[in-house]
Amino acid sequence: MRHARRRVVRRVTRLAAVGGLLLGGAMVAQAAMASETPPAAARPLAAPGGTGAALVARLGTARTAGDWIGADGRTVVAVTDQAAAREVRRAGAEPKVVPHSMNELKSATATLRSAPRVPGTAWAVDYRTNRVVVRADRTVSAGDWSRLTRVATGIGGFVHMERTKGTFTTRLNGAQPILSTGGRCSAGFNVTDGRSDFILTAGHCGAAGSTWFADNQGNQQLGRTVNSSFPGSDFSLVRYADGKAGAGADVVAIGGGKGVRITGLADPSVGQRVFRSGSTSGLHDGQVTALNATVNYPEGTVTGLVETTVCAEPGDSGGPLFSEGIALGVTSGGSGDCTAGGTTFFQPVTKALTALGVRLIVSAQNAGGAPGGTSPAPAASAAQGAMAPNAASPGSSAPVTGASQGSTLLARLTDTRNVGPGLLVIAGSLIALVATRYIRAEQDRKAYQRYYSATWG
């Protein structure tokens with residue numbers, strides 16, 4: 001009976017060891033496959049010299065009035081004469097003849113800026129309608145509205161006045177949440193100067209010297225603001241407390257432990273479909289409606305912003321704007337919310353990085369395969385030629401490092417960081433197999449000795 005029990009124990013031990021070998025091998029294989037950098041999403045490029053920005057630069061602002069992406073994905077360029085229209089057609093884009101050049105439109109916005117400042121107002125050039133659109137929120141008094149309307153009338157009939165719902169405010173209150181005594185914001189993109197790593201976020205989130213935490217209790221210090229610009233512009237740099245962004249620095253959070261891998265940066269185009277992530281409202285999308293917008297927040301005026309139909313809510317400030325894995329901007333402010341919709345403005349990433357003297361941290365494979373890759377020189381525009389706006393996506397998916405999530409035993413065993421534990425399981429299983437073999441050999445030897453001793457006598 002005792003020998004039978006020993007045989008059962010040995011057999012169970014051997015089976016457990018074999019199972020451990022299989023499990024350890026699966027853990028190592030899973031970790032090795034998951035640790036490979038996923039390919040970046042493909043981004044179609046327009047034909048050389050055929051992009052709207054290139055055509056506008058070649059023809060000049062006296063003969064053009066902006067460019068945008070049409071519903072079919074084709075580049076449309078507003079021109080003021082038929083000769084320019086023919087050049088646009090030869091380049092493969094679609095021309096639209098308009099009465100007012102970009103020089104006239106910019107002159108109108110300059111006149112608006114020189115008028116007495118009215119908080120709660122905003123304006124931008126609408127390329128598609130060839131006019132300047134001035135908006136006022138519900139905080140603007142009837143008297144201020146009348147005075148601003150008189151200024152617009154003096155400029156010309158191409159300045160359109162309209163009231164908007166809600167109020168134009170900054171969105172202070174991942175994009176992962178970052179918290180300080182001033183409120184909650186969202187982390188934008190990770191950037192570096194080659195020595196230290198930083199978070200690029202909104203300037204109105206906090207002045208230089210502000211301390212940021214990753215938790216409500218103030219136990220996990222994230223970093224400190226070292227450079228901030230607001231009003232005028234709206235960007236700031238938060239230096240990480242330990243100087244490094246860590247693993248996953250090229251990923252922006254979109255909620256649910258998921259993220260999008262950032263592969264480069266560019267300036268957006270009017271008509272482009274874009275995505276915004278924030279710590280309050282998560283991931284939302286919309287279209288770019290104007291560039292170089294001006295907003296008169298209660299705290300001050302900010303110029304050079306990207307105007308969009310993407311919604312945002314308090315706490316989303318500083319969160320990233322992107323499309324097809326390309327960084328475009330950080331959330332500044334706007335009106336409305338994600339229930340009723342609204343208008344949101346963004347600080348362009350390219351202008352912020354140039355002013356701050358830092359580089360975007362991008363996917364390693366997009367930076368020549370070197371770990372902790374940084375962005376190349378900014379592109380002229382986020383080319384979306386031959387892609388209809390609705391076909392655009394946020395970019396290639398990636399896990400968010402450090403996100404707290406519930407996990408099953410199987411999920412923990414197959415975690416991408418478990419190559420080491422997998423090897424330990426394999427080693428332990430091999431030891432168990434060797435041990436059972438040795439024990440059996442030793443037992444056989446002793447049994448033989450007992451038998452030999454008995455027969456010798």
Rounded to the nearest 0.5 Å, what's the gap from [atom1] on [X] to [atom2] on [Y]? Could you check?
| X | Y | atom1 | atom2 | answer |
| --- | --- | --- | --- | --- |
| Ile178 | Ser186 | CD1 | OG | 7.0 Å |
| Leu200 | Leu237 | CG | CG | 6.5 Å |
| Asn103 | Thr61 | CG | OG1 | 3.5 Å |
| Glu299 | Thr170 | CD | OG1 | 4.0 Å |
| Phe346 | Leu328 | CZ | CG | 9.5 Å |
| Gln272 | Leu291 | CD | CG | 9.5 Å |

Restricting to non-hydrogen atoms, name the atom on [X] and the atom on [Y] that form the minimum distance, rounded to 0.1 Å.
| X | Y | result |
| --- | --- | --- |
| Ser101 | Ala62 | CB-O, 3.4 Å |
| Cys338 | Glu313 | N-OE2, 3.0 Å |
| Asp234 | Val330 | O-CG2, 4.2 Å |
| Val260 | Pro394 | CG1-O, 3.7 Å |
| Gly183 | Trp212 | O-CZ3, 3.9 Å |
| Val288 | Val306 | CG1-CG1, 3.9 Å |

Do the non-hydrogen side-chain atoms of [X] and [Y] ever get within less than 4.5 Å of each other?
| X | Y | answer |
| --- | --- | --- |
| Val133 | Glu162 | yes |
| Asn296 | Val118 | no |
| Val302 | Thr294 | no |
| Phe198 | Arg239 | yes |
| Ile262 | Val252 | yes |
| Leu55 | Thr64 | no |
| Leu356 | Phe235 | yes |
| Asn190 | Ile199 | yes |

- Query: Using 30° and 60° as the class limits, which term best fits the ring planes of Phe322 and Phe189: parallel, tilted or perpendicular?
  - Reply: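 If you compare the ring of Phe322 with that of Phe189, the planes turn out perpendicular.
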- Task: Give me the ring orientation class for Tyr297 and Phe230: parallel if the planes are under 30° apart, tilted from 30 to 60°, perpendicular past 60°.
- Result: tilted
- Determine the sole option in Val159, Val125, Asn292, Val98 for which the side-chain contact (heavy atoms from CB on, under 4.5 Å) test with Leu105 is passed.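 Output: one option passes, namely Val125.
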- Message: Among Val270, Asp126, Thr343, Thr309, which residue satisfies the side-chain contact (heavy atoms from CB on, under 4.5 Å) criterion with Thr289?
- Response: Thr309
Closer than 4.0 angstrom, basic N to acidic O: yes or no for [X] and [Y]?
| X | Y | result |
| --- | --- | --- |
| Asp316 | Arg276 | yes |
| Arg195 | Asp193 | yes |
| Glu324 | Arg273 | no |

[X] side chain to [Y] backbone, donor-acceptor under 3.5 Å:
| X | Y | result |
| --- | --- | --- |
| Asp197 | Ala245 | yes |
| Thr149 | Trp145 | yes |
| Thr167 | Thr169 | no |
| Lys96 | Arg128 | yes |
| Thr331 | Gly319 | yes |
| Ser279 | Gly315 | yes |
| Thr121 | Ala136 | no |

- Derivation and outcome, side-chain hydrogen bond (donor to acceptor under 3.5 Å, both in side chains), residues Ser317 and His204: CA-CA 8 Å; Ser317 276; His204 69 262; 2.6 Å; yes
- Message: Checking Asp137 against Ser335: is there a side-chain donor and acceptor pair closer than 3.5 Å?
- Response: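 No.
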- Task: Taking atom types as modelled, find out whether Arg224 and Thr211 have a side-chain donor-acceptor pair closer than 3.5 angstrom.
- Result: yes
- From CA spacing to verdict: side-chain hydrogen bond (donor to acceptor under 3.5 Å, both in side chains), Ser269, Trp68: CA-CA 6 Å; Ser269 300; Trp68 62 93; over 6 Å; no
- With side chain to side chain contact (heavy atoms under 4.5 Å, CB included) as the test, would you mind laying out the steps for Thr75 and Thr51 before giving the verdict? CA-CA 7 Å; Thr75 295; Thr51 65; 5.7 Å; no
- Message: Taking side chain to side chain donor-acceptor pair (under 3.5 Å) as the cut-off, I'd like each qualifying pair that reaches into residues 105-120, sequence neighbours left out, listed once.
- Response: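 For residues 105-120, and leaving out neighbouring residues, the side chain to side chain donor-acceptor pair (under 3.5 Å) pairs sorted by first residue read Arg117-Thr301.
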- Message: Would Thr263 and Ile326 count as a side chain to side chain contact (heavy atoms under 4.5 Å, CB included) here? Give the steps.
- Response: CA-CA 6 Å; Thr263 59; Ile326 300 297; 3.8 Å; yes
- Query: So with a 6.0 Å cut-off around NZ of Lys165, is the heavy-atom count from everything else above 12?
  - Reply: no
- Item | Chi angles and distances behind the side chain to side chain contact (heavy atoms under 4.5 Å, CB included) call for Gln287, Thr308 | CA-CA 5 Å; Gln287 276 197 354; Thr308 73; over 6 Å; no
- Task: Before giving the answer on side chain to side chain contact (heavy atoms under 4.5 Å, CB included), spell out for Leu112 and Val132 the whole-Å C-alpha distance, their side-chain angles and the decisive distance to 0.1 Å.
- Result: CA-CA 10 Å; Leu112 290 167; Val132 175; 4.0 Å; yes
- Could you name each residue pair satisfying salt bridge (charged side-chain N to carboxylate O under 4.0 Å, His left out) that touches residues 141-153, not counting sequence neighbours? Asp144-Arg147
- Item | From CA spacing to verdict: salt bridge (Lys or Arg N to Asp or Glu O under 4.0 Å), Glu307, Arg135 | CA-CA 12 Å; Glu307 180 187 282; Arg135 296 185 178 90; 3.0 Å; yes
